Amino acid sequence: MFECLAANRTLKDTLAVMINGQRLSHAILLQGEAGTGKRTLARLTAQAVLCRGNPGGERPCGVCSSCRKAEKGIHPDIIEMGAEALRPQSFHIDTVRQLRQEAFIAPNESSSKLYILHNVQNMTAQAQNALLKILEEPPETVIFILLCENRSALLETVLSRCVSFTLEPPDEQTCCRVLMERKPGLPQERYQAAAIEAEGNVGRALLLLDPESSEGELSAQAWEGAQNLLRDICGGDEFVLLASLGRYEKQKEAFVRLLPCLKQMAKEAALKKYSGGSPGMGSLPAVREAASRLSTLQIMKILAIIDTVSQRIRQNVNFNLVLASFCAEASGSVR
């Protein structure tokens, strides 16, 4: 039923059983960080509930008139609210009042009407209390699907009226596969880098692969900078490395962003020494050079130095001192 959504097998199976058995709660809450597929799952759930094809079989069928309208976003009995509420306290009571007025109107075409409420973590306390009134005594024909990034922002009274599910991002390997399906034609290392940086979050990884997005541009710069830095470390020339790091003296955020990339490439270099590395990132010139020029002990030292530098930055140690110590320690580790 929900095959297009990666991972979360138990959650998807549970929802499918509830929908096919017509036992779906009048209010469900989907929690998960941005990019994990809450919106996709909510729309598929609504489509499955209203599906008129394949009676007694798998839903949504994808071919009936109800499914086609849902896929196009024009089904009159699927109402979405709160998508524009992107800041704390920006989901106001007026929106909920509008919902409460319309909820008691009979569905247009189906036996049920579904409200998908985005970003409910940004509801004001007044809006949540107003929503609670209709969650306590909902119309028989209405189902509410609430989406949030963090349920801790919701009132306990609201949570108690919902059946809650948490979406988790897939593992990096699964994320890679999904990225290859959705954005084919890119080098393997691009998919792997995006999956690693996004920690499996497909939505965020897709942004990282988009060269026209700010996230995509920053990601590309971070991986390129990490490759250049790894090559300079392999050279063991402290002066060259210091010159390379000098460009980040006034770009702290850029340096912080490349550190995880540098760490991952050092790990890939260690892997490559023994197993050939991964088919994507293991083929990067900087990784191949590190694997051929550095011993395992030297790579382990570099990984420890990266962790130390990251910790110093978190502790707000003077950034120029951090760069200088990184230069001295990294170049010293390969001599």
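As a basis for the values below, the full set of heavy atoms in this structure was taken, side chains included, without hydrogen atoms, waters or symmetry mates. If you're wondering where the values come from, they're calculated on a predicted model, not measured in any experiment.
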Review point. Thinking salt bridges, do Arg312 and Glu329 make one under a 4.0 Å N-O criterion?
Key: yes
Check your understanding: What pair of heavy atoms forms the shortest contact from Pro285 to Arg231, and how long is it?
Key -> CB-NH1, 4.4 Å
Check your understanding: Would you call the rings of Phe255 and Phe326 parallel, tilted or perpendicular, where under 30° means parallel and over 60° means perpendicular?
Key -> perpendicular
Check your understanding: Do Leu135 and Ile145 belong to the same hydrophobic cluster, where Ile, Leu, Val, Met, Phe, Trp and Tyr are linked whenever their side-chain heavy atoms lie under 4.5 Å apart, directly or via other members?
Key -> no
Practice item. Provide the full list of side-chain hydrogen bond (donor to acceptor under 3.5 Å, both in side chains) pairs with a residue in residues 233-246, sequence neighbours left out, each pair given once. Key: Asp232-Ser244, Glu238-Arg335
If you look only at distance, which donor and acceptor atoms sit under 3.5 Å apart when one is on a side chain in residues 313-323 and the other is two or more places apart or in another chain?
from   : atom 1 : to     : atom 2 : distance (Å)
Asn318 : OD1    : Asn320 : N      : 3.1
Asn318 : OD1    : Leu321 : N      : 3.1

Check your understanding: Which atoms form the tightest heavy-atom contact between Cys234 and Leu294, and what is the distance?
Key -> SG-CD1, 3.9 Å
Review point. Would you say Glu181 has more than 12 foreign heavy atoms packed within less than 6.0 Å of its CD?
Key: yes
Check your understanding: Are Tyr115 and Leu146 grouped together when hydrophobic residues (ILVMFWY) are joined by side-chain heavy atoms under 4.5 angstrom apart?
Key -> yes
Revision key, fill the gap. Value for OG (Ser66) from CD (Gln47), rounded to nearest 0.5 Å, stands at 7.5 Å
Check your understanding: If you look at every heavy atom in Cys162 and Val158, which pair is closest and at what distance?
Key -> SG-O, 3.4 Å
Practice item. Report yes or no: do Val96 and Leu155 belong to one cluster of Ile/Leu/Val/Met/Phe/Trp/Tyr joined by side chain heavy-atom distances under 4.5 Å? Key: yes
Review point. How close do Phe104 and Arg100 get, heavy atom to heavy atom, and via which atoms?
Key: CD1-O, 3.4 Å
Review point. Does the side chain of Gln98 pick up a donor-acceptor pair with the side chain of Glu102 at under 3.5 Å?
Key: yes
For residues 214-225, dump all side-chain donor-acceptor pairs below 3.5 Å to protein atoms at least two apart in sequence or in another chain.
from   : atom 1 : to     : atom 2 : distance (Å)
Glu215 : OE1    : Arg257 : NH2    : 3.1
Ser219 : OG     : Glu197 : OE1    : 2.7
Trp223 : NE1    : Glu197 : OE1    : 3.0

**Study point:** Co-membership, hydrophobic cluster, residues Ile299 and Val334, 4.5 Å side-chain
**Key:** yes
Point to revise | Between Gln31 and Glu149: side-chain donor-acceptor atoms closer than 3.5 Å | key: no
Review point. Going by an N to O cut-off under 4.0 Å, is there a salt bridge joining Asp307 and Lys263?
Key: yes
